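Right, one structure below, let's go through it.
Everything quoted here is computed from the prediction, not taken from an experiment. Lettering follows sequence order; numbering is per chain, from 1.
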Protein chains: 2
Amino acid sequence: MSQDTIKVLIIDDHDMVRRGLRAYLEIEDGIDVVGEATDGSEALSAVMTHQPDVIMMDLIMEKVGGIDATREVLAKFPHIKVIVLTSFYDDEKIFPALEAGATSYLLKTASAEDIVEAIYKAYKGDSVIDAKVAGKMVNRFQHKPSRHEELTSREHEVLVLIGKGKTNAEIAEELFIGIKTVKTHVSNILSKLGVSDRTQAAIYAHQHHIV
Amino acid sequence: MSQDTIKVLIIDDHDMVRRGLRAYLEIEDGIDVVGEATDGSEALSAVMTHQPDVIMMDLIMEKVGGIDATREVLAKFPHIKVIVLTSFYDDEKIFPALEAGATSYLLKTASAEDIVEAIYKAYKGDSVIDAKVAGKMVNRFQHKPSRHEELTSREHEVLVLIGKGKTNAEIAEELFIGIKTVKTHVSNILSKLGVSDRTQAAIYAHQHHIV
DNA sequence: CGTAAAATCAGACCTAAGACGGAGGCTATT
DNA sequence: AATAGCCTCCGTCTTAGGTCTGATTTTACG
């Protein structure tokens, strides 16, 4: 479409960040910031209004998060490139964002050059992944499908209750099963997660946001 | 000192945020951005170099966090006003920051006007606390000193290890004390936190980000 | 229909965890 | 000098947690 200038839409609830980003991008001849939105819920209409080529997307916003917004936008406009630009790099954010179709994943510690470069690359169809984030991705591919995905639904249910600090007796009562059965589930959970007691399982549950 | 212009130092590891902030402040006649730092470790030297009246301080930075930096700076320059400007508003950040001597606490969702106003107020000695943060403070005063602050340093240490999933034996080994002693500490921790077993204590530790 | 996985329960067994009570040494504050 | 809080440790006792082996029933799938 636009051969020379890339139309960029900024979606971020931090006014300050939008300002900073604009400052970066407005001095670039090849880039034109065509609009802004302050929440994922405004994303779709902003996209329709401004017809951007690239979206700079924050992940954590008041109403609708960036991941959902990305999914929505790409469902209707699959040609748009979404660059995630956020402060966080934990597993529970990165992978859903990429699954939702984000092209690149940058951290807000990125420099102006990094960001400008990422936009040009995204426009060409290339991806830029922050080094810290890339490290996480490597782990993901080297190892496991996040062990707890192997849990059966019942085991998952039990793990959630462990994560809430329930005792076996309480779990049994809550699930209308016997304590012996709960113990069986707990044992299976522990070995599947590769941990050695319920406390570590509870920690696992919290670190993986299963609570 | 400076009757008409307030000298402001920005400390934040997000280049973009620094840009945005500068954009806000540079159009203000009464405010002069005299310098920047990208990490808490640079804070002290930057303060000595630029002699600011007000510091805009991010909390989460690579090496030295904003809370420690605030403490350091105020120890040597108690007349400086520190405005915390961050994305987070959980208990474990807010209160330590205020205890460290921060004057105001703003979120990065704040508008230009909010920030400019906060700087003028801070310079006069007034505080500005974001509404969301203020809500947390009210809770704090209505209720409790976040139970775990009653923990002794040793107990806190033990709680951290519980939060890492260690057994009593492992904790004993790691702290060079007897298992019996660990048990005593654990018992005290449980009753102080108002929980009934180590698993709940571990969950508590994670939810309050003491890990 | 046959098979495999999931869910349920049982008994025997062992151990870590936690409660309770008591106690001595250390340090800081008054 | 004395009080108070913290850290350390001991023994005893009870129970919750966890393993292992094994078994029955239900559910799902080809």
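Separating the CG atom of A/Leu190 from the C1' atom of D/dA16 is a distance of 14 Å, rounded to the nearest angstrom. Put simply, NZ on B/Lys183 is 13 Å from P on D/dT12, counting in whole angstrom units. Taking atom CZ of B/Phe176 as the reference point, atom P of D/dC7 lies 17 Å away to the nearest angstrom. The CG-C1' distance, from A/Asn188 to C/dA6, rounds to 10 Å in whole Å. A straight line from CD1 of A/Ile171 to C1' of D/dA16 spans 12 Å, rounded to a whole angstrom. If you measure from atom CG of A/Leu175 to atom P of C/dA7, you get 11 Å, rounded to the nearest angstrom. Note: NZ (A/Lys180) to C1' (D/dA23) measures 13 Å, nearest angstrom. A straight line from CD1 of A/Ile177 to P of C/dT8 spans 5 Å, rounded to a whole angstrom.
The nucleotide whose nearest atom lies closest to any side-chain atom of B/Asn168 is, among C/dA19, C/dA10, C/dA17, C/dA17. For A/His185, counting side-chain heavy atoms from C-beta on, the closest listed nucleotide (C/dA7, D/dC7, D/dC9) is C/dA7. For A/Ser153, counting side-chain heavy atoms from C-beta on, the closest listed nucleotide (C/dA7, D/dC10, D/dG18) is C/dA7. Counting only heavy atoms from C-beta on, B/Arg154 has its side chain closest to D/dC7 among C/dG18, D/dC9, D/dC7.
When each of A/Lys183, A/Arg198, A/Glu173 is checked for a side chain to side chain donor-acceptor pair (under 3.5 Å) with A/Asn168, only A/Arg198 meets the rule.
Side-chain contact between B/Asp58 and B/Met61 is present, with heavy atoms from C-beta onward closer than 4.5 Å. Residues B/Leu85 and A/Met16 form a side-chain contact, since some pair of their non-hydrogen atoms from C-beta on lies under 4.5 Å apart.
One finds no side-chain N or O of B/Thr184 lying less than 4.0 angstrom from the OP1 or OP2 phosphate oxygen of D/dC9. Distances shorter than 4.0 Å separate none of the side-chain N or O atoms of B/Thr167 from OP1 or OP2 on C/dA16. Regarding contacts with the backbone of D/dC9, a side-chain N or O of B/Thr181 is found under 4.0 angstrom from either OP1 or OP2. Side-chain nitrogen and oxygen atoms of A/Ser187 include at least one within less than 4.0 Å of the OP1 or OP2 phosphate oxygen of D/dT19.
A/Ser153 and A/Glu157 form no side-chain donor-acceptor contact under 3.5 Å, judged by distance and modelled atom types alone.
Between B/Phe77 and B/His79, the ring planes are perpendicular. Angles over 60° get that label, and only those under 30° would be called parallel.
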